[in-house]
Structures are given as C-alpha cells and as structure tokens.
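Here's the structure we're looking at; comments come further down.
Atoms within each ligand, like the ligands themselves, are counted from 1 in listed order.
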Amino acid sequence: MRNFDEKDITDAVISRLANSPSPRAKHISASLIRHLHDFVREIEPSQSEWEQAIDFLTRTGQMCSSTRQEFILLSDALGVSTLVDAINHRLPSTATETTVMGPFYVEHAPEVPSGSRIAGPAEGPALLIEGSVRSVDGQPLGSATVDIWHADEAGFYDVQKDDVNLSGRARVRTDAHGMFWVIGAVPAAYPIPNDGPVGRMLEAQGRHPFRPAHVHFMVSAPGHETLVTHLFLADSDHLDSDVVFGVKDSLIEVLGTAAPGTTSYGATVETSTPVLRRDFVLGKALSGAAARRPHPQALY
Ligand code: BEZ
Ligand code: FE
C-alpha cells in the first residue's frame with residue numbers, strides 16, 4: 001500500500017495493527033490513531049504548529065523528575081485525570097465521592113495517634129480535622145487507615161519546601177467507633193506548579209492556575225474500595241474554576257468551631273478552634289464481574 005492521502009492514511013495506519021498480540025493494545029492504538037488523525041484534520045496545523053506541538057511534549061517530558069510529574073499535571077489541567085477518576089469510581093450514591101489524587105501524596109507518611117498535631121504554627125492557624133469512617137451499610141469501620149495531607153497557609157505542601165520535615169500530613173487509624181482526629185492548619189488556595197509547559201499552556205488558554213483551599217484524604221479499610229478524595233473549604237476562592245476540575249458539591253465543607261473541651265468525636269482542644277468534620281462512607285470492595293478491570297499487562 002502506497003500513495004496515502006488525507007483521507008486514506010487513517011485506515012492504512014490502523015490496518016498495520018492486524019498482528020498485534022494484545023487485543024487491548026490493538027483497541028487502544030486504533031482509537032488513538034482515529035481520534036488523533038481526526039483532530040489533525042480538524043485543526044489543520046501548519047508545519048510550524050506541528051513543530052511547536054513536538055517541542056511542547058518534549059519540554060513536558062524534560063520537566064519531569066523524581067519530584068515533578070508534568071505529564072500528570074497536563075492530564076489534570078485538561079480534565080483527563082477527573083475523567084479517569086469518574087470512570088473508575090462508579091460508586092453507590094451513598095458512598096463519599098472521590099476526586100483526583102494530585103502529586104503531593106507521600107507513601108508511608110508517619111502513622112500518628114489520633115489527637116496528634118500534624119502542623120505547627122508556622123503552617124498556619126490550627127485546624128481540627130475530625131471525622132469517622134463507616135461502610136455503606138452503616139457499620140463503623142475501626143482500624144481504618146486515614147491518610148491526610150494539606151497545603152499550609154501560604155499554599156505550599158511540605159514536599160515543595162526545601163527542608164525535609166513532613167508537616168501537614170500524617171496517617172491515623174480510626175478507633176473502635178470509626179473515629180479519628182488530628183490538628184492540622186487551615187490551608188490556603190494555591191496555584192499548581194506553573195513554571196513549566198503546563199503553566200505556559202494555561203496562559204495561552206487564558207486560565208488561572210489555582211486550586212481552591214482543600215484537605216486531601218485517602219481512606220482505606222479491608223473489604224472496601226479505597227477512597228481518594230478532598231474536602232474543600234466553603235469560603236475559598238476558585239471553587240467554580242478549580243484548575244484541575246476536582247470540586248464536587250458533596251465535598252465542600254463549612255468550617256465549624258470547636259469550643260474548648262472535648263468534641264462529640266472525642267477530640268480535645270484547649271482554645272476555640274476551627275474544625276473540618278466529615279463522616280466518610282466507603283463502598284464495599286467490588287467483586288466478580290463488577291470488579292474494576294484488572295491492570296492489564298504493560299501495553300507498550
Ligand atoms: C493537589 O491538589 O495537590 C493537586 C492536584 C492536581 C494538580 C496539582 C496539585
Ligand atoms: Fe492539593
């Protein structure tokens with residue numbers, strides 16, 4: 001086959017997939033080729049625009065390091081991460097909604113007992129973060145793992161700062177009644193890292209780089225789907241224009257005030273303290289045909 005033109009090039013490329021040993025790789029490749037060719041036919045790039053596209057992708061790769069993942073940021077800013085999250089978390093409507101993970105999660109954060117201070121005055125005004133974990137059937141989940149991480153009052157995560165001290169993050173376990181609480185700091189809205197190609201793309205698209213103030217949670221318990229989510233502060237800016245499209249109404253919380261003493265969740269504070277409170281509900285682990293698609297073998 002030779003002499004391909006604007007119309008028949010797509011089928012020609014797809015026909016070369018005939019001997020693919022992997023049905024999934026074949027399906028994904030054919031769809032990618034079809035959509036990519038349609039996209040190119042629609043926008044009709046000049047040769048210079050094609051070169052700029054290659055340069056953009058090259059710079060995106062070059063920006064990546066062990067602490068910076070510019071491709072995930074690109075996926076976030078184009079709404080792809082939120083789309084993938086939605087496709088993979090079709091949970092019962094009574095379960096707490098998920099949202100994007102973001103790049104600032106740290107595996108193996110130190111486990112601390114409930115009641116610990118996970119951020120100091122340098123990170124901002126104290127914030128009591130308290131809640132519970134239960135199953136969709138209402139059963140409290142004791143010994144559930146709750147990872148918490150948040151930015152400080154200046155909008156920076158610990159891992160973005162020069163020193164290596166972890167702050168504004170910890171892992172706690174729920175007690176026998178499914179309760180947990182820690183003292184963090186009130187986080188600020190912040191821009192996603194925008195000193196690279198994704199930042200240039202946002203400028204070209206006339207978009208701001210901000211996320212509304214939020215606290216991240218990852219909640220897991222045996223027999224249940226792990227929940228990756230945030231709680232957004234109701235008085236934050238940018239709730240309707242989150243640069244990564246992560247906001248859901250059900251995840252917005254108005255901060256309360258905990259009076260000195262012990263709260264109904266078992267938390268003790270000495271002074272009047274803002275409180276972010278949530279009862280998380282985990283969906284049961286899916287099994288059989290309903291289970292999430294297994295991770296396929298490496299595609300390429
Ligand atoms: C975050 O919330 O930590 C985040 C999410 C997506 C991109 C950048 C940051
Ligand atoms: Fe965040």
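- Inter-residue side-chain proximity for L127 and V275 is flagged as unmet; no heavy-atom pair is nearer than 4.5 Å.
- Atoms of ligand 1 lying under 4.0 Å from any heavy atom of H216, numbered from 1 in the order shown and given with element: 1 (C), 2 (O), 3 (O).
- Nearest to atom 7 (C) of ligand 1 among the protein's heavy atoms is D76 OD2, 3.1 Å.
- Contact annotation for H214 and ligand 1: only side-chain heavy atoms (C-beta onward) come within less than 4.0 Å of the ligand.
- Because the distance cut-off is set at 2.8 Å, H230 fails to qualify as a neighbour of the Fe ion (ligand 2), as none of its N, O or S atoms comes that close.
- Using the six-membered ring where Trp is involved, H216 and H214 have ring planes that are perpendicular, over 60° apart on the 30 and 60° scheme.
- Residue contact check: L73 has heavy atoms under 4.0 Å from atoms 7 (C), 8 (C) of ligand 1.
- Looking at Y190 next to ligand 1, an N or O pair under 3.5 Å apart turns up.
- Here the angle centred on the Fe ion (ligand 2), running from NE2 of H214 over to OH of Y190, is 100°, rounded to 10°.
- Protein heavy atom at the shortest distance from atom 5 (C) of ligand 1 is G102 CA, 3.3 Å.
- Residue-ligand proximity: Y157 is placed with a non-hydrogen atom under 4.0 Å from ligand 1.
- Under the 6.0 Å cut-off for aromatic ring centres, Y265 and F180 do not qualify, their centroids lying 6.0 Å or more apart.
- Counting protein heavy atoms only, atom 2 (O) of ligand 1 is closest to R211 NH1, 2.5 Å.
- Q205 CD: more than 12 foreign heavy atoms inside a 6.0 Å radius.
- Between R16 and D11 there is no salt bridge, since no side-chain nitrogen of the basic residue lies less than 4.0 Å from a carboxylate oxygen of the acidic one.
- A salt bridge does not link E225 with R90: every distance from a Lys NZ or Arg NE/NH1/NH2 to an Asp or Glu carboxylate oxygen is 4.0 Å or more.
- For W149 and Y105, the distance between ring centers is under 6.0 angstrom.
- Using a 4.0 Å heavy-atom cutoff, F245 is absent from the residues neighbouring ligand 1.
- The side-chain hydrogen bond (donor to acceptor under 3.5 Å, both in side chains) test with T10 is passed by exactly one of R34, R41, H35: R41.
- Ring pair F217/F280: centre-to-centre distance below 6.0 Å.
- If you look at I72 next to ligand 1, there are no close heavy atoms at all, none under 4.0 Å.
- Residue, atom and distance of the protein heavy atom nearest to atom 4 (C) of ligand 1 are P103 CD, 3.4 Å.
- Close contacts of ligand 1 with F104, meaning ligand atoms under 4.0 Å from a residue heavy atom, involve 3 (O), 9 (C).
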